[in-house]
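What follows is a short report on a single structure.
Given the structure is predicted, the values throughout are model-derived calculations rather than measurements. We number each residue from 1, following the sequence as shown. Heavy-atom basis, side chains included; hydrogens, waters and symmetry copies ignored.
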Amino acid sequence: MSSHELVERFKAAKPFFAVVFLQFGLAGMDILCKAALNEGVSNYVLVVYRHAVATLVVAPFAVVLDKKVRPKMTLAIFTKIMVLGLLEPVLDQNLYYLGMKYTTATFAAAMSNILPAITFVMAWILRLEKVKLTCIRSQSKLLGTAATVAGAMIMTLVKGPLLKLFWTRASTSNQQQINGVDIHSSIKGALMITAGCFCWGCFMILQSMTLRTYPAELSLSAWICLMGTLEGTAVALVMERGNAAVWAIHWDGKLLAAVYSGIFCSGLAYYIQGVVMKHRGPVFVTAFSPLSMVIVAIMSSFILREQLFLGRLLGAFVIIIGLYLVVWGKSKEKSPEEELATTKQVGEEKDRSNLQVITIASSCK
């Protein structure tokens, strides 16, 4: 294999590495933020600090690196950015954290796997995702999306026998954490996480559409984090009025959760999502979200010594199959830039052939 082929294969694999890295970061956020919320941290304040950190980290890079590619800000673009800052940083994250408070980190990660299905349907309706029911690759994407959701539901609903692994310890606190979530809390948490996922799917679609008129990923990420900070502050001041103590910062899990989630899960995540979406579309990015749940289940088993059940493993296996089907269905699709280049090439060849016909006709005369 030549060096040129290796370079081409690496370029083709970069979007896959990027979204897998993203899911590892999101899985770490689930565990850290759940620990912070268990300590009594306000989810509204956590969202504000998270995006304040992300703004401070991303903005300097955006100012320097996007200087030549950043287009002029217009009212239409700024309006979209304001909506983006409301959809994911404020609505989605607050609903997700509230749902996590009522349940567990693994349950929240499992429920969030309805995101690929929501995004797929919305992208299909808005014609951002091409689906031909007679095409085997489109059928693969449909079946893979359904499989990821089914796997998530298996992990959530099917418990199965306990797997006695040597690195887990059956402690009383862990057992209470597993069995202590009643059905009412589960329903409340599930509804909140579902609503949050709908906002997240809307955010993905709108971000993909905004990048067409504002193709500066770092600058867009910085703007989203800034607007999320401002809008989140307004919401937090209303929801936590008269409780100034929740804004106090100490060297504890609250600060760690805010810094980690701000850098990796807001700043880097918005940028990586934007870059990958320009080449692969929003469905490709969200198709890998079930991987986060598998990582959370494994990390919880090792780090938090949570017990692992057979149902989770079966669900994880179904999710992996679904991911493979989606990735295979998306693997041969052309990016928007490639489709545009192909269209231009076809147009140029058509103009060239028309010119040849005119030339031949003139010579015959």
How long is the straight-line distance from [atom2] of [Y] back to [atom1] of [X], given to the nearest 0.5 Å?
X	Y	atom1	atom2	value
Ile205	Thr119	CD1	OG1	6.0 Å
Leu230	Met82	CG	CE	9.5 Å
Leu95	Asn43	CG	CG	9.0 Å
Leu22	Leu26	CG	CG	4.5 Å
Gln207	Phe203	CD	CZ	4.5 Å
Leu87	Ile224	CG	CD1	10.0 Å

Inset, instruction - Only pairs at least two apart or in different chains count here, so list each salt bridge (Lys or Arg N to Asp or Glu O under 4.0 Å) that has a residue in residues 214-234. - result: Glu217-Lys278
Inset, instruction - Using the salt bridge (Lys or Arg N to Asp or Glu O under 4.0 Å) rule, collect all pairs that involve residues 72-90, keeping only residues at least two apart or in two chains. - result: none
In chain order, what residues pass the side-chain hydrogen bond (donor to acceptor under 3.5 Å, both in side chains) check against [X], with sequence neighbours excluded?
X	value
Ser292	none
Tyr49	none
Asp30	Tyr96
Thr210	none

Backbone N or O of [Y] within a donor-acceptor pair of the [X] side chain at under 3.5 Å?
X	Y	value
Lys254	Glu39	no
Thr229	Cys225	yes
Lys34	Met100	yes

Give a yes or no on whether [X] and [Y] share a hydrophobic cluster (residues Ile, Leu, Val, Met, Phe, Trp, Tyr; joining criterion: side-chain heavy atoms under 4.5 Å apart).
X	Y	result
Met73	Val69	no
Val238	Leu46	no
Leu56	Leu256	no
Leu206	Trp200	yes
Phe17	Val276	no

With sequence neighbours left out, write down each residue that passes ring pair (Phe, Tyr, Trp, His ring centres under 6.0 Å) with [X], or none if nothing qualifies.
X	value
Phe198	none
Tyr271	none
Tyr214	none

Indicate the atoms forming the closest heavy-atom contact of [X] with [Y], along with that distance.
X	Y	answer
Cys199	Leu91	SG-CB, 3.9 Å
Asp92	Gly196	OD1-O, 2.8 Å
His250	Leu255	O-CB, 3.3 Å

Inset, instruction - State which residues pass side-chain contact (heavy atoms from CB on, under 4.5 Å) with Phe317; sequence neighbours excluded, sorted by chain then number. - result: Ile321
Legend entry - Non-neighbouring partners of Val63 that pass side-chain contact (heavy atoms from CB on, under 4.5 Å), sequence neighbours left out: none
Legend entry - Beyond-backbone contact of Pro71 with Thr213, side-chain heavy atoms, under 4.5 angstrom: no
Legend entry - Pairs involving residues 50-61, ordered by first then second residue, that meet side chain to side chain donor-acceptor pair (under 3.5 Å) (sequence neighbours left out): Arg50-Gln93, Arg50-Tyr97, Arg50-Ser266, His51-Gln93, His51-Ser266, His51-Tyr270
Inset, instruction - Taking atom CZ of Phe61 as the centre, report whether more than 12 heavy atoms of other residues, nucleotides or ligands fall under 6.0 Å from it. - result: no
